[in-house]
Amino acid sequence: MDKKNKKAVVVFSGGQDSTTCLFWAMKQFDEVEAVTFNYGQRHALEIECANQIADELGVKWTLLDMSLLGQLTQNALTRDDVEIVHNDGEFPSTFVEGRNHLFLSFAAVFAKGVGARHIVTGVCETDFSGYPDCRDDFVKSLNVTLNLAMDHNFIIHTPLMWINKAETWEMADQLGAFEFVRKKTLTCYNGVIGDGCGNCPACQLRKAGLDTFLQTRNLEQMS
């Protein structure tokens with residue numbers, strides 16, 4: 001990895017994926033900052049959780065106001081009156097149009113301002129629920145666009161792009177962060193920290209990956 005500029009900005013929600021990426025970035029770079037976006041998400045607890053995690057890890061944390069996003073799109077993550085559903089052939093109701101596009105673009109402006117060229121995001125094409133802005137080709141395309149638009153040599157890192165949830169748990173374990181990620185992150189759409197409500201799609205995906213990882217780890221320890 002080119003670390004000529006050894007400072008990175010992590011797009012950080014306080015969830016399993018972005019927290020794993022934060023631990024990854026702390027191993028890879030000399031200096032790391034985390035940026036969280038307030039986009040009118042259902043649970044203010046998400047922002048509190050991100051702040052607490054960054055504070056506990058000694059990472060400088062910044063909250064940016066993106067509440068206008070909630071004015072532009074209706075979805076289950078910003079509206080209490082929208083049910084969480086995923087019908088065949090359609091995007092899940094949790095899809096927030098343009099979210100990763102805007103987050104990465106604003107993270108780039110922020111990164112340039114604090115003297116960083118590395119941007120880290122937890123998007124993943126393996127377990128991505130069909131979200132188009134989690135795809136590798138989108139990220140690579142935006143990386144080129146941001147470099148041209150801002151005349152800056154950004155590098156967008158996606159450590160989770162080609163791994164599934166079980167492998168994400170494995171990465172956290174390898175980083176020495178398994179228990180931290182399991183107990184202190186907020187992935188649940190219903191705002192329950194840790195193992196979550198167990199019923200929403202995010203919790204089900206997280207639990208399925210956790211169960212697979214634990215089963216594999218137990219078998220390896222027995223062999």
### Query
Sub-3.5 Å donor-acceptor pair from the side chain of Thr121 to the main-chain atoms of Val11, do we have one?
no
#### Entry: Whether His118 and Phe29 hold their rings parallel, tilted or perpendicular, with breakpoints at 30° and 60°
tilted
### Task
Not counting sequence neighbours, which residues clear side chain to side chain contact (heavy atoms under 4.5 Å, CB included) with Glu220? List them please.
Thr216
#### Entry: Set of salt bridge (Lys or Arg N to Asp or Glu O under 4.0 Å) partners for Asp55, sequence neighbours left out
none
### Message
Surrounding NZ of Lys112 (heavy atoms of other residues, nucleotides or ligands, distance under 6.0 Å), is the total greater than 12?
### Response
yes
### Message
Do the side chains of Glu179 and Lys184 get close enough for a salt bridge, i.e. N-O under 4.0 angstrom?
### Response
no
### Task
Report yes or no: do Ser141 and Arg135 form a side-chain donor-acceptor pair below 3.5 Å?
no
#### Entry: Pairs satisfying salt bridge (charged side-chain N to carboxylate O under 4.0 Å, His left out), at least one member in residues 140-164, at least two apart
Asp136-Lys140
### Query
Can you name the residues that form a side chain to side chain contact (heavy atoms under 4.5 Å, CB included) with Asn147, not counting sequence neighbours?
Asn143, Asn153, Phe154
### Query
Are Asp133 and Arg99 within salt-bridge range, i.e. N to O under 4.0 Å?
no
### Message
Let's go through Thr19 and Phe12 carefully: what are the C-alpha distance in whole Å and the side-chain angles of both, what is the deciding distance for side chain to side chain contact (heavy atoms under 4.5 Å, CB included) to 0.1 Å, and is it a yes or a no?
### Response
CA-CA 7 Å; Thr19 303; Phe12 188 58; 3.4 Å; yes
#### Entry: Pairing residues for Glu167 by the salt bridge (Lys or Arg N to Asp or Glu O under 4.0 Å) criterion, not counting sequence neighbours
none
### Query
Linking Ile, Leu, Val, Met, Phe, Trp and Tyr through side-chain heavy atoms less than 4.5 Å apart, which residues share a cluster with Leu148?
Val144
### Query
Who are the side-chain hydrogen bond (donor to acceptor under 3.5 Å, both in side chains) partners of Asp195, not counting sequence neighbours?
Arg182
### Summary
Sequence neighbours excluded, the answer for ring-ring contact (aromatic ring centres under 6.0 Å, His included) partners of Phe178 is Trp169, Phe213
#### Entry: side-chain hydrogen bond (donor to acceptor under 3.5 Å, both in side chains) partners for Thr168, two or more places apart
none
### Query
For Asp137, which residues count as a side-chain hydrogen bond (donor to acceptor under 3.5 Å, both in side chains) partner, sequence neighbours excluded?
none
### Task
Not counting sequence neighbours, which residues clear ring-ring contact (aromatic ring centres under 6.0 Å, His included) with Phe103? List them please.
Phe37, Tyr39
### Summary
Hits for side-chain hydrogen bond (donor to acceptor under 3.5 Å, both in side chains) against Lys60, two or more places apart or cross-chain, chain-then-number order -> none
